[in-house]
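Naming: A, B, ... by sequence-line order, numbering from 1 per chain.
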Amino acid sequence: MVDEAPDRGFPEDEADPWSPARRQLAEAVHRALQQEGFPGTLAEVERNLGEPPQGKGDLALPAFRWAKALHTNPPALAERLAGAIPRVPGFARISHEGGFLNAELEALPFFLSTLRMITRRGERYGSWPATGPTVLLEHTSANPTGALHVGRSRNGVLGDTYARVLKARGFPVTTEFYVDDLGRQAATLVWIWSMPPSQWPAEIRQALPSVTSTEPPPGTKPDHYYGQAYVPAFAYMRAHPEAEAEVNALANQVEQGAGDLSTYRRVPKAILEGILASLARMNIRFDRFVWESELVVDGSVHRVLERLTSSQKAHRAEDGALGVDGRPFGLPEESPFVYATRADGTHLYPARDVAYHEGKFERAGRVINVLGQDHRLHVQGLFALLDAVGEQRRPETLFYGYVNLPEGKMTTRGGRVVLLDHVLDEGRRLALVELEARRPELSSAEREEIAEKIGHSAVRYHLLRVQPDKPIVFRWEEALSFEGKSAPFLQYAHARASSLLRKGGEGNGPGPTVPSLAEAPPSWDPRESALVRSLSRLPGLVDRVAQDGSVHLLAVYGHDVAERFNEFYQSLRVLDAEPPVRHLRLALVHCARQVLANTLDLLGLEPLERM
RNA sequence: GGGCGAGUGGCUUAGCUUGGAUAGAGCACCGGAUUCCUAAUCCGGCGGCCGCGGGUUCGAAUCCCGCCUCGCCCGCCA
């Protein structure tokens with residue numbers, strides 16, 4: 001039983017409940033090690049503090065690493081350290097076992113100060129103080145040539161989540177979508193839709209018999225409507241040289257910044273709006289759009305080409321094409337050059353990409369791109385070009401694996417795709433079926449609203465829950481699972497907590513106060529302790545994920561919190577407990593709901609009051 | 001062929017950056033829990049030479065080397 005002021009060492013302005021404890025312990029251990037003749041730094045000690053197995057305390061330090069240099073053996077060193085370390089504020093016990101030094105927190109003060117931090121910071125728990133520099137994060141950037149498939153949406157889900165985490169870590173973040181309106185793909189669609197369907201070539205009309213207007217009929221999304229012409233138009237164009245020439249002429253015209261851009265962009269823009277509407281259903285939004293054609297019009301591509309031309313590192317092919325040797329950047333021997341222009345001097349994608357990045361570097365101190373793993377080599381080419389034009393700065397990249405179907409790769413032209421909108425619709429439908437069975441007392445409007453939130457959250461979570469690097473095989477039953485490792489599992493825990501707080505008379509108010517050490521029950525149920533411990537980990541996790549983009553860890557974490565909460569909920573009574581216990585448990589429920597809500601928000605998922 | 005990425009129970013997967021004390025989940029399967037705050041939940045059981053071989057180390061799923069398998073890329077396309 002603790003008998004003195006419990007809260008020293010836990011300042012009010014901390015963002016992370018663990019950092020004071022870690023720091024205090026590391027300092028004490030470091031001092032003890034120095035007495036043994038240890039030459040290393042405090043940071044080295046702190047880095048080696050790990051989490052011991054269940055039941056062996058809260059922080060552990062393996063002594064093996066330093067024993068030899070200090071002319072002793074690990075168990076002896078651990079024992080001597082344990083003996084040499086005085087009472088550390090916040091810790092109840094420092095012990096040793098084998099070659100490990102184990103430290104046990106004063107559990108109650110730690111738990112209560114964690115709960116207090118959560119109630120005090122509310123929705124800001126998990127967030128860190130503002131810091132710099134501005135981060136520019138580009139993601140999704142799907143070509144505006146049709147409706148988005150689930151594979152492309154993984155990019156958006158990853159990018160949007162990473163942006164949320166970086167913001168929470170304190171960085172000012174801007175998200176950008178690069179609209180690739182140049183090139184043959186977009187031109188093909190612009191070309192076909194520049195004619196009324198009645199004047200289309202017979203082959204295309206036959207492929208799309210129901211299409212009669214250049215405007216999507218009411219109730220049809222423009223990305224689906226305009227996009228459906230892509231496959232037949234592309235096939236026709238490939239088979240008819242005169243059509244291909246028209247498309248190329250169109251493409252070349254915009255590529256040079258000639259012609260009326262607003263006319264040209266009509267269809268790509270409409271498709272983009274459709275794509276954005278789909279993404280918005282999953283809570284993905286952008287701060288800024290950069291149209292590739294704009295970089296031509298404003299001269300930035302031209303300026304890049306001038307710099308490249310005068311660069312020592314420029315490589316001029318025999319026929320005049322301008323590029324650089326990419327081998328120092330890892331390009332293969334067989335195709336060592338990355339070209340910025342064609343032989344006729346017209347610019348290519350890599351040149352525009354350099355121009356785009358120069359703009360990004362002006363707008364932000366740190367630039368991150370979210371790209372599919374097929375872009376790895378392109379990035380090396382980009383680096384080679386940046387180097388050649390004398391640009392020192394480089395973007396960071398978060399790569400992700402593709403979403404495939406059990407039958408293989410998704411292909412738009414092969415007609416083997418699963419569209420995001422269809423997955424989202426099916427998710428909503430399945431959730432509605434569940435709700436009709438489980439929540440008949442709700443109005444149908446409420447059920448519809450909740451179903452949409454469950455459905456899109458399930459899809460988003462599914463795309464988020466594994467390491468970005470790993471490829472995903474899309475299976476409907478898995479993507480729309482509402483059990484186990486899924487968004488509804490998290491949402492359900494949140495809804496349960498919300499329900500308890502409603503019934504406990506707390507509603508959406510500031511929540512119950514955290515009891516003081518004197519008021520709190522002296523001994524806690526293991527499920528209560530496990531829950532607070534889980535809650536205490538959010539800020540540290542946000543810090544880590546912000547560093548390396550491992551956003552899946554947050555999805556894993558959310559599951560852990562929900563699981564701890566469900567275990568607590570299942571076996572312990574809250575509302576009909578005795579007053580001191582009830583008080584504490586209500587605070588616990590309030591904090592769990594808060595952390596769940598914050599984690600859900602970081603993941604871009606919807607917290608639900610009832611489901 | 002080269003480069004990059006991934007290989008963990010029947011399936012999906014966390015842990016690998018920074019080596020540490022019984023490798024943690026979900027699905028499936030088997031058994032159990034609902035007069036009680038939402039059973040989309042919980043409890044128990046089953047199931048793992050952490051791809052293979054070598055190396056470094058007091059200690060390797062984690063680091064290094066080699067091999068195998070799968071994926072992606074290797075256009076004056078984007």
Using a 4.0 Å heavy-atom cut-off across all strands, classify A:A317 as base, sugar-phosphate, or nothing. base

I'd like to know if A:N102 reaches the base of B:rA21 with its side chain, counting only an N/O donor and acceptor under 3.5 Å. yes

Rounding to an integer number of angstrom, what distance separates B:rG48 and B:rA61 when you compare their C1' atoms? 11 Å

Heavy atoms under 4.0 Å, any strand shown: does A:I454 hit a base, just sugar-phosphate, or nothing? base

Quantified in whole Å, what is the C1' atom distance between nucleotide B:rU62 and nucleotide B:rA6? 15 Å

Can you tell me whether the side chain of A:R475 and the base of B:rU12 have a donor-acceptor pair closer than 3.5 Å? no

Under 4.0 Å, heavy atoms only, any strand: does A:H552 hit a base, just the sugar-phosphate, or nothing? sugar-phosphate

Interatomic distance at P, B:rG47 relative to B:rG10, whole Å: 11 Å

Among B:rU13, B:rG15, B:rA78, find the nucleotide with the atom closest to the side chain of A:V466. B:rU13

Could you go through nucleotides 1-5 of chain B and list every protein N or O atom that sits under 3.5 Å from one of its N or O atoms, giving the distance for each pair?
unit_1, atom_1, unit_2, atom_2, d
B:rG1, N2, A:E334, OE1, 2.8
B:rC4, O2', A:R376, NE, 2.9

Could you tell me whether A:Y569 contacts a base, only the sugar-phosphate backbone, or nothing, with contacts defined as non-hydrogen atoms closer than 4.0 Å? base

Per A:E563 side chain, nearest of listed nucleotides B:rA21, B:rC76, B:rA25: B:rA25

Assess whether a salt bridge exists between A:E97 and A:K56, defined as any Lys/Arg side-chain N lying under 4.0 Å from an Asp/Glu carboxylate O. yes

If the cut-off is 4.0 Å, is A:R65 near the phosphate of B:rU57, judged by side-chain N/O to OP1 or OP2? no

Is there, by distance only and without an angle test, a donor paired with an acceptor across the side chain of A:R544 and the base of B:rU17 below 3.5 Å? yes

So, does the side chain of A:D319 form a donor-acceptor pair with the base of B:rC76 at under 3.5 Å? yes

Gap in Å between the two P atoms, one belonging to B:rC64 and one to B:rG7, rounded: 14 Å

Which label fits A:F177 and A:F289: parallel for a plane angle under 30°, tilted from 30 to 60°, or perpendicular past 60°? tilted

Need one value for A:P52: base, sugar-phosphate or nothing, where a base atom within 4.0 Å counts as base even if backbone is also close, heavy atoms only. base

Length of the line joining A:N73:CG and B:rU57:C1', which is rounded to integer Å: 17 Å

Look at the side-chain N and O atoms of A:K485 and state whether any lies under 4.0 Å from the OP1 or OP2 oxygen of B:rC27. no

For the side chain of A:Y492, starting at C-beta, report the closest nucleotide among B:rC76, B:rU38, B:rC37. B:rU38

Could you tell me whether A:E44 and A:R47 make a salt bridge, using a distance below 4.0 angstrom between a side-chain N and a carboxylate O? no

Atom CH2 of A:W66 and atom C1' of B:rG20: how far apart are they, to the nearest Å? 12 Å

Of the nucleotides B:rC42, B:rU38, B:rA21, which one has an atom closest to the side chain of A:N566? B:rC42

Taking only residues two or more places apart in sequence or in another chain, which ones pass side chain to side chain donor-acceptor pair (under 3.5 Å) with A:E294? A:R265

Which is true for A:L348 with a 4.0 Å heavy-atom rule: it touches a base, it touches only sugar-phosphate, or it touches nothing? sugar-phosphate

Closest approach of A:P488 to A:M611 (non-hydrogen atoms, all atoms of both residues): O-CE, 3.8 Å

Rounding to the closest angstrom, what is the interatomic distance between B:rC49 and B:rC29 at atom P? 23 Å

Using OP1 and OP2 only, check whether a side-chain N or O of A:R496 sits under 4.0 Å from B:rU41. no

Quick one: stems involving RNA chain B, counted as three or more successive Watson-Crick or G-U pairs, both distances short of 3.5 Å. B:1-7 with B:68-74, B:10-13 with B:24-27, B:29-33 with B:41-45, B:51-55 with B:63-67

Is A:Q467 touching bases, backbone alone, or none of the nucleic acid, heavy atoms closer than 4.0 Å? base

Looking at A:R342 and A:D344, does any basic side-chain N land under 4.0 Å from a carboxylate oxygen? no

Out of B:rG75, B:rA25, B:rU22, which has the shortest distance to the side chain of A:H559? B:rA25

Using atom C1' in both nucleotides, what's the gap between B:rC70 and B:rG24 to the nearest angstrom? 26 Å

SB check A:D560 A:R537 (cutoff 4.0 Å): yes

Base, sugar-phosphate or nothing for A:S499? Non-hydrogen atoms, less than 4.0 Å. base

Is any side-chain N or O of A:Q54 closer than 4.0 Å to OP1 or OP2 of B:rU22? no

Would you kindly give the CZ-to-P distance between A:R47 and B:rU17, to the nearest whole Å? 12 Å

Classify the nucleic acid contact of A:A60 as base, sugar-phosphate or nothing, counting any heavy atom under 4.0 Å across all strands shown. base

Winner on side-chain proximity to A:P62, out of B:rC37, B:rU17, B:rG20, is B:rG20

What does A:L61 touch in the nucleic acid at a heavy-atom separation under 4.0 angstrom: a base, only the sugar-phosphate, or nothing? nothing

By the 4.0 Å heavy-atom rule, please label A:F489 as base, sugar-phosphate, or nothing. sugar-phosphate

